[in-house]
Peer 1: 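To start, I am sharing the structure in question, which I have written as structure tokens.
Just so it is clear: chains get the letters A, B, ... in the order the sequence lines come, proteins before strands, and each one is counted from 1.
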There are 2 protein chains.
Amino acid sequence: MSQQKYQRRKEDRPAEIAAAAFEAFAEKGYAATRVDDVAKRAGVSKGLTYLYYKTKEDLFKAVIRDVVVRRVDSLIGGIESTALTSEEFLRGPFLDFMKKVPRSPVAVVVRLLVAEGWRHPDLVAYYYDNVVARGLGAIRGFVERGVERGEFRREALDLQPQLFIAPMLTSILWRLIFTEKPLDTDQLIESQVDLLLEHLAT
Amino acid sequence: MSQQKYQRRKEDRPAEIAAAAFEAFAEKGYAATRVDDVAKRAGVSKGLTYLYYKTKEDLFKAVIRDVVVRRVDSLIGGIESTALTSEEFLRGPFLDFMKKVPRSPVAVVVRLLVAEGWRHPDLVAYYYDNVVARGLGAIRGFVERGVERGEFRREALDLQPQLFIAPMLTSILWRLIFTEKPLDTDQLIESQVDLLLEHLAT
DNA sequence: ATAATTACTGACTCATGAGTCAGCAAAAGT
DNA sequence: ACTTTTGCTGACTCATGAGTCAGTAATTAT
């Protein structure tokens, strides 16, 4: 019976701790999460956590950044395929993407940002640059292309890109607050695409 | 020099404390707010707070309920005036209402619910019944009336009422998270009304 | 085998903040 | 005036949880 109390795995620890921390923060929020809990989840002592992350706040920031780059990149990446007409694109890949987000970890990041964002302005800025600005830019580019191709009316350029994502954000909020009151978020998002196409189409 | 250390104002204290608490919660969130701070803001000792509210959580709930009934009632009340055509109503009172909300204390309540709601299910239920359900019901009733009057197409009845409020919620979120990145929320809300009218009109 | 290195542990300190309560002072009663 | 009642105070206790660090055990070097 070789009773190893632990293995040394310097390489994997940071990622494991960050993953455990994300779970914990997602469930209980930042303030209500104890570093001890995170450590327990990661199968590690509290002290080790402090070896890899100087403070609880550092851990928080690392987690957000990690989730953001990992998940959002893969999601936004899929949006760049463009062999389709504007309508096909909106009803296809765009719709799929929008439907996915409210069920993805990005939704949890939104909660954390709403709840604790004011205390971490640099984090908010990071999130804005890497997610929001890129996303809005992509939408704007898409609309411009539609106009150039003659698939959209010229007035389309005046629409704020936030109109495209409003129902997705509403869906996220709804799921976060009223988890037990069901809402057909897919339907909501689809209706908005209908409205937009009706208005944009030549 | 009559040196009164304090005046006894049993009647006003609860409201004053609740108001101070709302300010504090709005600024820092529930967890990060110290009861001592609330007392200081209200010009009162910490002990007195506990005389009127058994625990910090009680105080929190009282504050939410207070804000909700006070403000939302007055806001939703103004929506019941109905001597207008559906389009006039949407472009008039409805639009005004929607534009007001993101700047009102209701926005802060949303933040508090997102951040701490999971720990207070009864509070969420209360908010749903007294704000969300009533609001959605009002919208549904409005659409039905529009159809009866022949001002809206029959398909209007299939639209989820959340479509009417999505840009308002987006505006709230945006202001909460990206306070420094301006967004013309009035414009956003107005565009959505345009989209809806275009789609609903006979 | 033995020594040197270092990833890791867990019991500790210390600051913070929720909740208490004995006593004080302002108003009301006599 | 002076007694009684009670709204109010602020110093206290006590639990919690962030962050530390001396020591331990798993590797690696010799």
Peer 1: Nearest heavy atom decides the nucleotide; on that basis, is B:Lys54 or B:Lys5 closer to the 5' end of DNA chain C?
Peer 2: B:Lys54
Peer 1: Between A:Arg91 and A:Glu87, does the salt bridge (Lys or Arg N to Asp or Glu O under 4.0 Å) criterion hold? Intermediate values first, please.
Peer 2: CA-CA 6 Å; A:Arg91 293 203 189 279; A:Glu87 174 160 358; 3.1 Å; yes
Peer 1: Name the first nucleotide and the last nucleotide along DNA chain D (5' to 3') that come under 4.0 Å of a heavy atom in chain B.
Peer 2: D:dT6 to D:dG10
Peer 1: Determine whether B:Ile139 and B:Ile165 make a side-chain contact, defined as any pair of heavy atoms from C-beta on separated by less than 4.5 Å.
Peer 2: yes
Peer 1: Is there a side-chain contact between B:Leu159 and B:Val143, using heavy atoms and a 4.5 Å cut-off?
Peer 2: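 No. Closest side-chain heavy atoms not under 4.5 Å.
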Peer 1: Going by an N to O cut-off under 4.0 Å, is there a salt bridge joining B:Lys61 and B:Asp122?
Peer 2: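 So B:Lys61 pairs with B:Asp122 through a salt bridge.
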Peer 1: Strictly below 4.0 Å, heavy-atom distances to any atom of DNA chain D: list the hits from residues 55-63 of chain B, or just say none.
Peer 2: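 Contacting residues: none.
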Peer 1: State which residue, out of A:Phe60, A:Tyr126, A:Tyr127, fulfils the ring pair (Phe, Tyr, Trp, His ring centres under 6.0 Å) condition with A:His120.
Peer 2: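 The single option meeting the ring pair (Phe, Tyr, Trp, His ring centres under 6.0 Å) with A:His120 is A:Phe60.
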Peer 1: Taking the basic N atoms (NZ, or NE/NH1/NH2) and the acidic carboxylate oxygens, is any pair closer than 4.0 Å for B:Glu151 and B:Arg145?
Peer 2: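 No.
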Peer 1: Will you find, in the side chains of A:Arg149 and A:Ser86, an N or O donor that is under 3.5 Å from an N or O acceptor?
Peer 2: no
Peer 1: List in numerical order all residues of residues 22-38 of chain A for which some heavy atom is under 4.0 Å away from an atom belonging to DNA chain C.
Peer 2: none
Peer 1: Does B:Tyr30 have B:Lys56 sitting over its ring (NZ/CZ under 6.0 Å from centre, angle to axis within 45°)?
Peer 2: yes
Peer 1: Counting only heavy atoms and a strict 4.0 angstrom limit, can you tell me which residues of residues 40-51 of chain A come near DNA chain C?
Peer 2: A:Val44, A:Ser45, A:Gly47, A:Leu48
Peer 1: Give a yes or no on whether a salt bridge exists between B:Asp96 and B:Lys99, defined as a side-chain N under 4.0 angstrom from a carboxylate O.
Peer 2: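 A salt bridge is absent here (no side-chain N lies under 4.0 Å from a carboxylate O).
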Peer 1: Is the closest basic N to carboxylate O distance between B:Asp37 and B:Lys46 below 4.0 Å?
Peer 2: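 Not counted as a salt bridge, because no side-chain N and carboxylate O are separated by less than 4.0 Å.
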Peer 1: Can you sort out which residues in residues 7-21 of chain A have a heavy atom within less than 4.0 Å of DNA chain D? Ascending by number, please.
Peer 2: A:Gln7, A:Arg8
Peer 1: Base, sugar-phosphate alone, or nothing: which one does B:Tyr52 contact when heavy atoms must sit under 4.0 Å apart?
Peer 2: sugar-phosphate
Peer 1: Who pairs with B:Phe152 by ring pair (Phe, Tyr, Trp, His ring centres under 6.0 Å), at least two apart in sequence or on another chain?
Peer 2: B:Phe142
